[in-house]
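Report on the following structure.
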Amino acid sequence: MSEPDNAKHICDEIACEVRDIATWLAGGRLTPAQFSAAVLTLEEAKLKRFGFTLTALNYRDGRTQFGLRFAETRDLCAQLDFDPTTGVLTVTHHS
């Protein structure tokens, strides 16, 4: 697997985990504190190991936009937009 393909695969894997955690929050199965703890656990367990960082912006309408970045360069690997009303996480990959 080439490096860009590998980065995309890792981004997809992390996106699925972020979607699950965000869906649990939106569905009331996690409190905001539990959500934060779950994201921090994901960051410790996987993001740092693969050389990524995760940022998040919360919007008034409930949507959350995550930025998955390469830790070393801060280049954006993927943008993840989560809509809690639909449970849909849209992933946009960046090269």
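Numbers for residues simply follow the sequence, beginning at 1.
For the pair K46 and I10, the minimum side-chain heavy-atom distance is 4.5 Å or more. No side-chain heavy atom of L47 sits under 4.5 Å from any side-chain heavy atom of T53. Looking at Q65 and Y59, their side chains come closer than 4.5 Å, going by heavy atoms from C-beta outward. When side chains are defined from C-beta on, F35 counts as touching I21, because their heavy atoms get closer than 4.5 Å. Within the 4.5 Å cutoff, the side chain of T64 has no heavy atoms near those of the L57 side chain. Residues L76 and L68 form no side-chain contact, since every pair of their non-hydrogen atoms from C-beta on lies 4.5 Å or further apart.
In this structure, F82 and R19 approach most closely via the heavy-atom pair CE1-O, 4.3 Å. The shortest heavy-atom contact between H93 and D12 is NE2-OD1, 2.8 Å.
We find the CG-CG distance between L54 and L42 to be 7.0 Å, quoted to the nearest 0.5 Å. The CG atom of L89 lies 5.0 Å from the CG atom of L80; values are rounded to the nearest 0.5 Å. The structure places CD of Q34 at 3.5 Å from OG1 of T31, a figure rounded to the nearest 0.5 Å. Taking CD from E17 and OG1 from T41, the interatomic distance works out to 11.0 Å, rounded to the nearest 0.5 Å. The distance from the CZ atom of F52 to the CD atom of E43 is 12.5 Å, given to the nearest 0.5 Å.
A donor-acceptor pair is defined here as one N or O able to donate and one able to accept, closer than 3.5 Å; such a pair exists between the side chain of R49 and the backbone of A45.
No hydrogens or angles considered: nothing links the side chains of T23 and R29 as a donor-acceptor pair under 3.5 Å.
Hydrophobic clustering of Ile, Leu, Val, Met, Phe, Trp and Tyr side chains at less than 4.5 Å, counting indirect connections, unites V91 with F70.
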